[in-house]
Number of protein chains: 2
Amino acid sequence: MAHQTVGHVVRPGLPDDPRADVAAPTPSCPVEVTLAALRGRWTTLVVRELLRGERTFTELAQALPALSDKVLADRLAQLARSGVLVRDRRPGFPPRTSYRLTPQGHRLGPVLQALWDWGAEG
Amino acid sequence: MAHQTVGHVVRPGLPDDPRADVAAPTPSCPVEVTLAALRGRWTTLVVRELLRGERTFTELAQALPALSDKVLADRLAQLARSGVLVRDRRPGFPPRTSYRLTPQGHRLGPVLQALWDWGAEG
DNA sequence: CAGCATCCATTCAGATACTG
DNA sequence: CAGTATCTGAATGGATGCTG
C-alpha cells in the first residue's frame with residue numbers, strides 16, 4: 001500500500017497531477033499544450049523536416065510542394081510561438097531565413113515516435 | 001557504419017519507413033492515423049475517462065459537464081470507428097450503453113503520456 | 001437513457017495577389 | 001527570398017429540440 005498518495009484513488013496510466021483531472025480542454029493541461037503546438041494540417045511534417053536539420057523557407061516549401069506559402073508561414077509562426085523552432089534571419093540581399101528546432105523542438109522526436117508507433121500497429 | 005541501410009541517408013529520430021517521407025498529410029502515415037483518432041476538442045479527455053474504466057454515456061457526460069451531448073456522441077462514434085473503444089448496448093429499459101477501451105485504446109496511454117511529458121516540461 | 005436532426009458562429013485551409 | 005493581405009469554401013463546435 002505504499003506508493004499510493006493518501007486521499008487519492010488510483011488513476012491507471014495517468015500522472016498524479018491535478019491537471020490530469022481537468023473537466024474541460026483548458027490550455028493549462030500539458031496534453032493540450034502539446035496538441036496546440038502540433039495543431040493543424042502539415043504541422044508534424046514541418047517538424048519532421050526540421051528534425052533532419054536546419055532549413056530555409058524555400059527548402060521547406062520544396063520538401064512539401066503541396067503546402068501553400070500562407071499555411072507554411074502560419075505553421076512556422078505557430079511553431080515559433082510554441083518554442084519549437086527559432087527563426088534565423090540573415091541580413092543582406094537576397095534575404096535568407098533559416099529555421100531550426102530548439103532543444104524543446106528536438107524533444108518532439110519521442111512524441112512523434114509515440115504517435116507513429118500507435119498508428120503503425122494499432 | 002553498421003546499422004545503416006545502404007542507399008539511405010540518416011534520418012535522425014525518424015523510423016526507417018517509406019511513410020516517414022510522405023510529402024503531404026496522407027491518411028496512410030501512422031502519425032496521421034493517431035492524430036486522426038485523437039482529433040477534435042474533448043477527445044483526449046474522453047479517452048482519459050475511459051482509461052480509468054468502463055463508463056456509460058451519462059457518466060461521461062457527468063465527468064465532463066461542459067461537453068454537449070452532440071459532441072460527446074460525435075467523439076464516441078469517432079473513437080469507435082478508430083478502434084479505440086467499443087459500445088456495449090444493454091437491452092431492456094431504460095437503455096444503458098457503456099463504453100470501454102479496446103486493447104488498442106489502452107495503448108493510447110503511453111501516447112497521452114508522451115504528449116503530457118512534452119507539455120509539462122517544454 | 002442515449003442518442004440524432006437542425007441551425008448558427010467560428011475556425012481553418014487553400015487560392016490569388018501583392019511587397020520589403 | 002520570404003513573407004503579408006484578402007477572400008472563399010469546408011470543417012468544426014456548440015445550442016436547441018426531438019425520439020426509440
To the nearest angstrom, how far is [X] atom [atom1] from [N] atom [atom2]?
X       : N      : atom1 : atom2 : answer
A/Phe57 : C/dT19 : CZ    : C1'   : 14 Å
A/Glu54 : D/dA2  : CD    : P     : 12 Å
B/Arg55 : C/dC1  : CZ    : P     : 17 Å
A/Leu67 : D/dA2  : CG    : C1'   : 14 Å
A/Phe93 : C/dT19 : CZ    : C1'   : 11 Å

Going by salt bridge (Lys or Arg N to Asp or Glu O under 4.0 Å), name the residues that satisfy it together with [X], two or more places apart in sequence or in a different chain.
X       : value
A/Asp69 : none
B/Arg19 : B/Asp17
B/Arg81 : none

Between B/Trp118 and A/Gln104, is there a donor-acceptor pair closer than 3.5 Å when you use the side chain of the first and the backbone of the second?
yes
Hits for side chain to side chain donor-acceptor pair (under 3.5 Å) against A/Asp74, two or more places apart or cross-chain, chain-then-number order -> A/Lys70
C/dA2 OP1/OP2 closer than 4.0 Å to side-chain N/O of B/Thr58
yes
With sequence neighbours left out, the residues meeting side-chain contact (heavy atoms from CB on, under 4.5 Å) with A/Arg100 are A/Glu54, A/Val86
Counterpart residues, side-chain contact (heavy atoms from CB on, under 4.5 Å), relative to B/Thr43 (two or more places apart)
B/Arg75, B/Gln78, B/Leu79
Please list, in numerical order, the residues of residues 69-89 of chain A that have a heavy atom closer than 4.0 Å to any atom of DNA chain D.
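By residue number: A/Asp69, A/Lys70, A/Ala73, A/Arg87, A/Arg89.
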Which residue pairs satisfy the salt bridge (Lys or Arg N to Asp or Glu O under 4.0 Å) criterion with at least one member in residues 85-96 of chain B, sequence neighbours excluded?
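Counting only pairs at least two positions apart or across chains, the salt bridge (Lys or Arg N to Asp or Glu O under 4.0 Å) contacts touching residues 85-96 of chain B are B/Asp88-B/Arg90.
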Out of C/dC1, C/dG20, D/dA15, which has the shortest distance to the side chain of B/Pro94?
C/dC1
DNA chain C contacts among residues 24-37 of chain B, heavy-atom distance under 4.0 Å
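Nucleic-acid contacts, sorted: none.
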